[in-house]
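First up is the structure itself, then whatever we jot down about it.
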Amino acid sequence: MRQSKAYSADDSFDVAPSQVLGLDGWFARRAPAVQQILMAGAQRRLFDKGAPVYRVGDPADGLHGLISGSFEITVPGDDGVETLVHRADPGFWIGDLALFSEQPRLVSITATTPTETLFLPQPFLRRMIEEHPALLRDFYDLTHQNTALALRLLSNLSVRQSERRLGLRLLHYSELAANDGGWLHLSQDHLASLVAVSLPTLQRILRRFAEEGLVELSYRKLRVRDPERLAALCRD
């Protein structure tokens, strides 16, 4: 992991963190006054590809908001093997549950590309909540949002038919792909892990989806071309 540093208005970013984090998701729904409060204590953190943001069992030290790059989120099984459950893109925030319960981290997060986050350290957040108790409602909203995501992932992963399971995951990610023409930058290896199928099975289903005009395939990326028909297939 590269060195982190505190954010200030004079720092040089390709895009201002508040602009990226304000495009979608939890931060976008905060009132301007709340965004200003949070940005005042934010730190810029940079992670190389493959670097851990944090690991299961680590002490909770703050919240991470994804500015650029992407995260992989894995959860531990009883056999000690971690399972990939989600790939997060800019605008995503995580770290609230362990932080506010003062418990160790329950998931591991790894940067899948060179990644930049906006980090809100625990001491700063405690001080802001003491000064602005109404902020608790904002953080409860974040926990609600992340719980809803976890439940959706769990529900979709329990779908038995692999084609439907893949279709539901693609529809979910396409909802989040507001930029870059709807392209999902996701390798087939990772996608196979996310929907719990073998790589050959995934490739067979994707070829069928592409032949039917449901998706478009390219190198290490794909996009949904016909979400209505894909959703109908998942319901049949």
Side-chain angles (χ1 to χ4, degrees), residues 25 47-56 66 68-92 94 105-115 146-236:
F47 299 88
D48 293 318
K49 178 180 179 180
V53 179
Y54 57 74
R55 293 299 192 199
V56 169
L66 188 53
S68 65
S70 60
F71 289 154
E72 281 186 352
I73 302 174
T74 58
V75 298
D78 290 341
D79 59 359
V81 177
E82 293 195 11
T83 300
L84 177 63
V85 294
H86 186 52
R87 200 285 308 272
D89 292 315
F92 180 77
I94 195 167
R105 301 292 194 188
L106 296 176
V107 302
S108 296
I109 301 180
T110 304
T112 57
T113 64
T115 293
N146 285 342
T147 301
L149 171 63
L151 292 173
R152 181 177 182 181
L153 294 174
L154 178 62
S155 175
N156 290 345
L157 196 57
S158 69
V159 173
R160 292 187 178 182
Q161 189 178 32
S162 56
E163 289 187 358
R164 293 183 182 179
R165 197 160 65 246
L166 175 58
L168 290 169
R169 181 61 68 113
L170 292 178
L171 288 169
H172 182 187
Y173 281 157
S174 69
E175 294 172 11
L176 306 176
N179 300 315
D180 196 19
W183 286 103
L184 309 178
H185 295 268
L186 190 64
S187 72
Q188 292 188 3
D189 283 339
H190 287 166
L191 185 55
S193 297
L194 285 167
V195 295
V197 298
S198 68
L199 182 58
T201 297
L202 177 89
Q203 291 171 336
R204 173 178 56 80
I205 298 172
L206 285 178
R207 282 196 299 269
R208 180 195 159 193
F209 284 178
E211 289 168 359
E212 296 182 0
L214 301 175
V215 303
E216 182 177 355
L217 305 178
S218 187
Y219 179 69
R220 297 186 70 84
K221 64 180 181 179
L222 71 161
R223 62 180 170 185
V224 175
R225 294 186 60 188
D226 195 332
E228 291 79 13
R229 286 177 56 214
L230 183 58
L233 181 150
C234 294
R235 291 193 298 267
D236 289 341

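As the structure is a computational prediction, the values presented were derived from the model and not from experiment.
- Atom CD of Q161 is separated from atom CG of L168 by 10.0 Å, given to the nearest 0.5 angstrom.
- Of the candidates L184, L194, N156, R169 forms a side-chain contact (heavy atoms from CB on, under 4.5 Å) with just one, namely L194.
- What you find for K221 and H185 is that their closest heavy atoms are CD-CE1, 3.9 Å.
- Using modelled atom types, one side-chain atom of S108 and one backbone atom of V56 make a donor-acceptor pair closer than 3.5 Å.
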Show the atom names and distances, to 0.1 Å, of all donor-acceptor pairs under 3.5 Å that link a side chain in residues 226-235 to residues at least two apart or in another chain.
residue, atom, partner, partner atom, Å
D226, OD1, R229, N, 3.1
R229, NH1, E212, O, 2.9
R229, NH2, E212, O, 3.0

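- For the residue pair S158/R165, the side-chain donor-acceptor check at 3.5 Å is not satisfied.
- Between the CD1 atom in I109 and the OG1 atom in T115 there is a gap of 11.0 Å [rounded to 0.5 Å].
- Scored by the ring-ring contact (aromatic ring centres under 6.0 Å, His included) test, Y54 finds no partners at all (sequence neighbours excluded).
- Applying the side-chain contact (heavy atoms from CB on, under 4.5 Å) test to A210 and every residue at least two apart in sequence or in another chain returns V215, L217.
- Here the shortest heavy-atom pairing between D89 and S70 reads OD1-CB, 3.9 Å.
- Taking 4.5 Å as the limit, every side-chain heavy atom of V53 sits out of range of all side-chain heavy atoms of R105.
- Rounding to the nearest 0.5 angstrom, the gap separating the CG atom in L202 from the CZ atom in R207 is 9.5 Å.
- Closest approach of F47 and A111 over heavy atoms only: CB-CB, 3.9 Å.
- Remark: R220 CZ is loosely packed, at most 12 non-hydrogen atoms of other residues, nucleotides or ligands lying under 6.0 Å away.
- Put simply, the side chain of H190 does not reach to within 4.5 Å of the side chain of R87, judged on heavy atoms.
- Considering all non-hydrogen atoms of both residues, Y173 and H86 come closest at OH-ND1, 3.1 Å.
- Here the CG-OG1 distance, from L166 to T201, works out to 10.5 Å after rounding to the nearest 0.5 Å.
- Residues L170 and V195 form no side-chain contact, since every pair of their non-hydrogen atoms from C-beta on lies 4.5 Å or further apart.
- To the nearest 0.5 Å, atom OG of residue S174 and atom CZ of residue R225 are 14.0 Å apart.
- Between the CD atom of E72 and the CG atom of L84 there is a distance of 5.0 Å, given to the nearest 0.5 Å.
- Classification of the F92-F71 ring pair by plane angle, with boundaries at 30° and 60°, yields perpendicular.
- Looking at every heavy atom in both residues, G69 comes nearest to P90 through O-CD, 3.4 Å.
- Side-chain contact between W183 and E216 is present, with heavy atoms from C-beta onward closer than 4.5 Å.
- When all heavy atoms are compared, the tightest approach of V197 to S162 is CG1-CB, 3.7 Å.
- Between L106 and V75 the shortest side-chain heavy-atom distance does not fall below 4.5 Å.
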message: Please determine whether side chain to side chain contact (heavy atoms under 4.5 Å, CB included) holds for the pair L222 and Q188, giving the CA-CA distance in whole Å, both sets of side-chain angles, and the decisive distance to 0.1 Å.
response: CA-CA 9 Å; L222 71 161; Q188 292 188 3; over 6 Å; no

